[in-house]
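Here is the structure we will look at.
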2 protein chains.
Amino acid sequence: MPVFSQSSTIKPKRAQLDRSVAGAISAQAPFERIKHYLKSGLATGVWPPGALMPSESELVAQFSVSRMTVGRAIRELQQEGLVERTQGVGTFAAELHRVSSSLTIRDIHEEIVGRGHVHRATVHLKRAERASASIAKRLDVKLNSVVFHTLLVHHENGVPLQCEDRFVNPICAPDYLSVDFTEVTPTHYLFQVAPLIEAQFSVEAGLPSSREAKLLQMSAAEPCLIVSRRTVNRDTPITFARLVHPASRYQIDSVFKPY
Amino acid sequence: MPVFSQSSTIKPKRAQLDRSVAGAISAQAPFERIKHYLKSGLATGVWPPGALMPSESELVAQFSVSRMTVGRAIRELQQEGLVERTQGVGTFAAELHRVSSSLTIRDIHEEIVGRGHVHRATVHLKRAERASASIAKRLDVKLNSVVFHTLLVHHENGVPLQCEDRFVNPICAPDYLSVDFTEVTPTHYLFQVAPLIEAQFSVEAGLPSSREAKLLQMSAAEPCLIVSRRTVNRDTPITFARLVHPASRYQIDSVFKPY
DNA sequence: TAACTATACTTGTCTAGACAACACTATGCA
DNA sequence: TGCATAGTGTTGTCTAGACAAGTATAGTTA
């Protein structure tokens, strides 16, 4: 169950009608064909990592296109991290050393529904509180000032999957407490109310608190995957959330497929 | 070094002097300036999510550049996920709903050295073994065929940080067992030997085995962050690794900053 | 030999124009 | 009224040429 999707999202590039007569096989745009040609060579080892690849002028001659078209194809490969270019020298097949696959974190509702399952949320706490020291710091508000606090459990097909402990800055979402979170997730609501400028994540392992273990119907000794998220809107922290998932029911999957 | 072709009778119709002469303020290329202009507007709410943004022709007039230049700027913003375009309609500020932050998993050596700390590895097992059923499946080899098995502990400033349990397909790296893994990490060596085509990750929480707990000098009841990684080179699995990190010493951090 | 120079080749960027595909709107006709 | 059609504006793509800037090398000079 892939929680995360890979980063190389292929755009819905529609296959535009070919302008030339010889477009029997490939209905792709020329720059797409060149990209595909180069990607194939990279994938099959024609140009192993570090190898010098064809110059733009060579590709211009080979494909009978203008340099702009070749340039766009190569530039997009560069942006995808598949080739490296040096002005005055040439284009080289990238060392895929830094296997940094990027994992995409999504809203829990989208995630569950995307798997074709049923999402249900139960609200266990929804109130205004005085900010403790750590919360005040994270939300950049004064100590003991009023903040909103919610505690939800998200279920997938009836099984508790995530315990969401969230603090919200009232400045950003004054009506937060009047929302029915069995209908819309806090994440979704906050996105509508306060556009996001920056988000900080951390992923770690840990043990649930006794209350969290009870809410998640799990042993207090079982490890959890804990995602902490803090979102900021132009110098104003919006919210801080601690998302606790039982290890046995949750893992992050990802596939890195460069070519 | 002909900087100017003085003899030329053809006059430059539009001065491209800005980059060389007036580079004091903006040394950026025009398409970069346009990107920056649009990003600023997106960040400051000039175009809130979903809003219609200026058309290419408007930007052409505003910046006195050609359509290709404007097009490149907008296309790159589109590739970054900041705007959405519809042919025949226009360009719209993207809903950053899908807060796809990206978590990057790196080689442990790079990671530790990147923090300015000292990396040291100890080897606790390095031998050929008969593949068990689960390993045979993951490496796509026959049951009981020979595979290489290493067990390393990576230390950051002397503190055990990661226990690396790895199985390697001998087809891809026949000399694997002769490598000194106190000098080069298995990840790094394998990258050189077998270029990577595909990698599958999973991140989960769990408990260490008794041996892992001992090697990591931690309690067997303390949770761990466990990364499993399987890399494939064109239909041939290269290696499967289980990377165990004590929860108290390791977490994955990430920042999402779209603009 | 060592340093400089001219040259060739590479990537990086931009122009002005062109045609195609698509969405929307206004208009005219039945 | 309802429908087809033409027109307008948008994005998507490509061309042929140009200049700029960086690198490497061969040749020349001190």
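Per chain, numbering begins at 1; letters A, B, ... match sequence-line order.
You'll find that the side chain of A:Met68 is closest to D:dT15, out of D:dT15, D:dG12, C:dG12. Among the nucleotides D:dT11, D:dC14, C:dT13, the one closest to the side chain of B:Arg85 is D:dT11.
The aromatic ring centres of B:Tyr176 and B:Phe167 sit 6.0 Å or more apart.
In this structure, the ring-ring contact (aromatic ring centres under 6.0 Å, His included) partners of A:His154, at least two apart in sequence or on a different chain, are A:His119.
For C:dG12, its base sits under 3.5 Å from the side chain of A:Arg67 at one donor and acceptor pair at least.
Listed pair A:Thr91 / C:dT10 fails the phosphate criterion, with no side-chain N or O lying under 4.0 Å from OP1 or OP2. Residue B:Ser55 has a polar side-chain atom (N or O) positioned under 4.0 Å from OP1 or OP2 of D:dT10. Distances shown here put a side-chain N or O of B:Ser57 below 4.0 Å from the OP1 or OP2 atom of D:dT10. Between A:Arg72 and D:dT13, a side-chain N or O to OP1/OP2 separation shorter than 4.0 Å is present. Between A:Thr69 and D:dT15 there is a side-chain polar atom (N or O) within less than 4.0 angstrom of OP1 or OP2.
Residues A:Pro54 and B:Val89 each lie close to DNA chain C; by heavy-atom proximity, the contact nearer the 5' end of the strand is made by A:Pro54. Sequence order on DNA chain D of the closest nucleotides to A:Ser66 and A:Gly88 puts A:Ser66 first from the 5' end. Judged by closest nucleotide on DNA chain C, A:Gly90 is the one of A:Gly71 and A:Gly90 placed further toward the 5' end.
Taking atom CZ of A:Arg33 as the reference point, atom C1' of D:dC14 lies 12 Å away to the nearest angstrom. Rounded to whole angstrom, the span from the CD atom of B:Glu56 across to the C1' atom of C:dA16 amounts to 15 Å. For the pair B:Phe92 CZ and C:dA23 C1', the computed distance is 10 Å after rounding to whole Å. Rounded to a whole Å, the CD atom of A:Gln87 is 6 Å from the P atom of D:dG22. The interatomic distance linking A:Gln28 (CD) with D:dC14 (C1') rounds to 16 Å, in whole Å. One interatomic measurement links the two molecules: CZ of B:Arg75 to C1' of D:dG12, which rounds to 9 Å at whole-angstrom precision. Remark: P of C:dC14 and CG of B:Leu59 are 14 Å apart, rounded to the nearest angstrom. Per the geometry, CD belonging to B:Glu84 stands 14 Å off P belonging to D:dT11, to the nearest Å.
Checked options A:Arg75, A:Lys39, A:Lys257; the residue passing with A:Glu80 is A:Lys39 (criterion: salt bridge (charged side-chain N to carboxylate O under 4.0 Å, His left out)).
Looking at B:His155, its side chain never comes within 3.5 Å of a backbone N or O of B:Arg120 through a donor-acceptor pair. B:Arg72 places no side-chain N or O within 3.5 Å of a backbone atom of B:Phe31 that could act as its donor or acceptor partner. Distance alone, capped at 3.5 Å, places no donor-acceptor pair between the A:Asn169 side chain and the A:Thr239 backbone. The main-chain N or O of B:Ala199 is never found under 3.5 Å from a side-chain atom of B:Arg229 such that the two would form a donor-acceptor pair.
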Please tabulate, one pair per line, each protein N/O and nucleotide N/O from nucleotides 4-7 of chain D that are separated by under 3.5 Å, including the distance.
none

Please test A:Arg67 against A:Glu56 for salt bridge (Lys or Arg N to Asp or Glu O under 4.0 Å), starting from the C-alpha separation and ending with a verdict.
CA-CA 7 Å; A:Arg67 227 194 107 202; A:Glu56 293 196 355; 2.5 Å; yes
